[in-house]
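Every chain is numbered from 1, with letters handed out A, B, ... down the list of sequences. Bear in mind that the values here come from a model prediction, so they are computed numbers and not experimental data.
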Number of protein chains: 2
Amino acid sequence: MKVTIKDIAQKLNINFSSVSRALNNKPGVSDETRRLVVKTAKEMGYRPNVIARGLVSRTTKTIGVIIPDIINPLFGEITTGIIETANLSDYDVFLCISNWDCDKEKDYINAVQQKQVDGMIVKSVCNENASLLESAVVPVIGLESWTANNKFSSVSTDNIKGGYLAGKHLIDCGYRKAAIFSGPENSSASQFRRQGFINAFREQELHFDDTKFCVGEYDIESGYNLAKQLLEEHPDTDSIFANNDVIALGILQYLEEKGIKPGKDIGVIGFDNIRMAGLPQIQLTTVKQPKHSLGRIMVNLLLDEIKNHSDKNQHYPQRILLEPELIVRGTTSKQS
Amino acid sequence: MKVTIKDIAQKLNINFSSVSRALNNKPGVSDETRRLVVKTAKEMGYRPNVIARGLVSRTTKTIGVIIPDIINPLFGEITTGIIETANLSDYDVFLCISNWDCDKEKDYINAVQQKQVDGMIVKSVCNENASLLESAVVPVIGLESWTANNKFSSVSTDNIKGGYLAGKHLIDCGYRKAAIFSGPENSSASQFRRQGFINAFREQELHFDDTKFCVGEYDIESGYNLAKQLLEEHPDTDSIFANNDVIALGILQYLEEKGIKPGKDIGVIGFDNIRMAGLPQIQLTTVKQPKHSLGRIMVNLLLDEIKNHSDKNQHYPQRILLEPELIVRGTTSKQS
DNA sequence: TTGAAAGCGCTAACAC
DNA sequence: GTGTTAGCGCTTTCAA
């Protein structure tokens with residue numbers, strides 16, 4: 001059976017509030033009693049019911065994390081950063097996987113609040129839930145979800161800059177007929193990456209052919225299918241900017257099957273720098289996101305907002321942008 | 001502010017227990033009142049405090065999941081199976097990442113119980129925590145943690161059979177001088193895989209050279225380093241059984257650097273069948289674990305034990321073994 | 001220093 | 001059908 005402070009009190013023939021005081025290092029108990037209580041608690045295998053404690057304190061030391069997919073190593077690493085950082089402050093994490101489903105995301109946003117999380121971190125996959133997030137009763141940090149009049153803070157890699165780095169690199173290599181394989185159209189990350197990419201072309205007074213902007217999903221199949229379709233329709237394409245590494249992996253798969261050599265016959269650059277991008281068999285040029293830092297910074301920001309949640313007037317939504325970094329590998333190279 | 005049933009009751013000038021009855025579809029309220037309550041609750045944005053509810057019911061509809069690493073896609077897929085299945089029964093998941101650290105695992109085991117989880121799923125990384133798990137106040141399901149006199153149920157792939165499939169396949173291909181790259185020595189999974197592998201050799205009256213049993217970690221670096229070391233010391237080695245795909249990836253990395261062709265110059269077989277094993281650039285022969293099913297079955301077993309947790313005497317620890325499957329790809333081939 | 005009592009938000013047993 | 005009350009395990013205020 002679970003042992004409670006009442007059990008301890010009964011055994012020691014004292015009042016249970018003394019037990020509470022002793023166990024929580026609060027003043028108002030003699031050293032003698034405290035010692036005895038602590039000892040007995042240990043002997044009886046007492047574990048405080050933090051849920052009940054939370055009912056009183058109105059906090060649960062728990063945050064909700066809602067992400068679309070944990071198999072994509074990008075989110076795996078971000079989540080690791082989140083959990084590790086949260087643990088440092090004794091917070092635990094409810095992990096929710098929306099599977100890119102709007103309704104499921106909505107259900108989760110409600111569910112974690114019912115479970116009285118102290119705050120949440122959300123990588124939202126659709127704008128429809130924005131108002132739900134804005135009306136949340138606890139602080140919210142968005143991952144890549146900044147919009148013009150955001151009501152909550154957001155953290156992301158500087159996607160415009162990341163897109164720019166990708167575009168600039170392709171141009172520097174001598175590629176001129178680039179394509180973009182985007183994630184879903186409503187993904188702000190993809191929009192920013194596209195924007196930065198095209199900026200790089202404009203800056204050099206080069207033209208980006210909009211018919212080579214291809215919209216898909218953030219998965220391997222999408223990369224494979226888009227590559228097939230694009231190269232059949234536009235065989236003149238000399239390079240592709242995949243909006244994430246997983247899409248790029250799909251592209252490489254198609255190229256491999258067709259015997260087209262990335263880096264030689266065509267340039268391919270991804271985004272994220274997931275670990276397998278660096279495998280010698282892959283050697284994908286990409287734009288690195290500081291994944292662990294994203295998680296860490298989101299948690300720190302969130303905990304800070306939780307701490308100051310009472311004086312709401314003092315709180316303005318922040319937008320934090322982390323630096324992307326170009327990682328050059330074998331799938332791009334100087335064109336003669 | 002958060003709205004409670006008392007707020008609703010006050011507004012409607014009725015007793016708060018009527019509100020509770022109405023909201024929970026319990027008998028004892030007029031349809032009229034019920035309608036009114038439900039309507040008002042919605043208007044006021046009421047969200048039940050499931051924590052408080054749990055204090056009464058003594059359940060939290062939450063399970064704790066403790067795994068060593070979420071970036072390894074193996075655990076990513078298992079965790080996805082866990083969360084999806086748990087959600088079907090309205091359970092949420094505390095995700096904890098032990099990072100292969102015994103102490104951290106111990107802390108987590110205590111922490112989730114303090115948070116009053118209804119049960120937990122643990123992939124334990126060390127035997128020292130066995131007693132802690134056995135004395136848990138809630139049902140526990142182990143992932144790959146069966147020992148002779150287990151006190152809790154355990155689910156895993158049939159690792160002996162998996163190891164056997166790997167060994168048999170290498171033999172069938174004509175490899176005779178195999179090596180094993182194992183995970184940590186205390187990993188029961190690795191022990192079973194080794195055992196099955198060697199069984200296959202014995203069965204054919206072939207000898208496995210024990211000096212080619214190499215112990216490392218379950219990561220890329222380990223695969224790389226062991227490959228380097230082994231092939232320098234035992235250049236006659238003709239094949240390697242990596243105890244997971246990530247180790248195998250490290251092996252392939254080393255071979256690539258040395259210009260040694262897997263499947264041609266040397267056979268390599270992994271374990272797990274993570275997604276990237278199937279990439280055309282990798283084409284790793286491996287033994288597939290039913291990852292999503294592992295997660296699903298563990299949750300179903302756990303929920304079942306939670307339901308019958310009261311009549312303890314009726315409960316025997318089960319051991320469930322799922323079937324592995326050989327996936328032949330390019331890194332092994334028939335030797336002439 | 002200790003005990004008694006109220007209350008966190010909710011459910012459930014009992015009385016009316 | 002509705003209100004009252006106790007209690008889940010805990011913290012905290014107020015008396016003693």
Open item on the list: Are A/V112 and A/C96 packed together at the side-chain level, in the sense that at least one heavy-atom pair is separated by less than 4.5 angstrom?
Closed with: yes

- [ ] To the nearest Å, give me how far apart CD (A/Q10) and P (C/dA4) are.
- [x] 14 Å

Open item on the list: Nearest whole Å is fine: how far is D/dT2 P from B/I8 CD1?
Closed with: 16 Å

TODO: Could you tell me the separation between the CZ atom of B/R35 and the C1' atom of D/dG1, rounded to a whole number of Å?
DONE: 16 Å

- [ ] Indicate yes or no: at least one non-hydrogen side-chain atom of A/D92 is less than 4.5 angstrom from one of A/N87.
- [x] yes

- [ ] Check whether more than 12 heavy atoms from other residues, nucleotides or ligands sit under 6.0 Å from atom CD of B/E43, and answer yes or no.
- [x] yes

Task: Close side-chain approach of A/I78 and A/H292, heavy atoms under 4.5 Å - done: no

Open item on the list: Please determine whether a side-chain nitrogen or oxygen atom of A/S18 lies at a distance below 4.0 Å from atom OP1 or OP2 of C/dT2.
Closed with: no

Open item on the list: Does A/K11, at its NZ atom, have more than 12 non-hydrogen atoms belonging to other residues, nucleotides or ligands within less than 6.0 Å?
Closed with: no

Task: Residue pair A/N49 / A/T4, side-chain heavy-atom distance below 4.5 Å - done: no

Task: Residue pair B/S187 / B/Y218, side-chain donor-acceptor N/O under 3.5 Å - done: yes

Task: Spacing of B/Q113 atom CD relative to D/dG9 atom C1', expressed in whole Å - done: 17 Å

Using nucleotides 10-13 of chain C, report all nitrogen or oxygen pairs with the protein that are shorter than 3.5 Å.
residue: C/dC10; atom: OP1; partner: B/Y46; partner atom: OH; Å: 2.5
residue: C/dC10; atom: OP1; partner: B/N49; partner atom: N; Å: 3.2
residue: C/dC10; atom: OP2; partner: B/I5; partner atom: N; Å: 2.7
residue: C/dT11; atom: OP1; partner: B/N24; partner atom: OD1; Å: 3.3
residue: C/dT11; atom: OP1; partner: B/N24; partner atom: ND2; Å: 3.0
residue: C/dT11; atom: OP1; partner: B/R53; partner atom: NE; Å: 2.8
residue: C/dT11; atom: OP1; partner: B/R53; partner atom: NH2; Å: 3.4
residue: C/dT11; atom: OP2; partner: B/S20; partner atom: OG; Å: 2.6
residue: C/dT11; atom: OP2; partner: B/N24; partner atom: ND2; Å: 3.2
residue: C/dA12; atom: OP2; partner: B/K26; partner atom: NZ; Å: 2.6
residue: C/dA13; atom: N6; partner: B/R21; partner atom: NH1; Å: 3.3

Task: Integer-rounded Å distance: D/dG9 P and A/M44 CE - done: 13 Å

- [ ] Could you state the atom-to-atom distance from CG of B/D31 to C1' of D/dG1 in whole Å?
- [x] 11 Å

- [ ] Using a 4.0 Å heavy-atom cut-off across all strands, classify B/I14 as base, sugar-phosphate, or nothing.
- [x] sugar-phosphate

TODO: Provide, to the nearest angstrom, the distance between the CZ atom belonging to B/R34 and the P atom belonging to D/dG1.
DONE: 9 Å

Task: Atom-pair distance (CG on A/L55; P on D/dG7), nearest Å - done: 17 Å

Open item on the list: Would you say B/R58 places a side-chain N or O within less than 4.0 Å of OP1 or OP2 belonging to D/dG9?
Closed with: yes

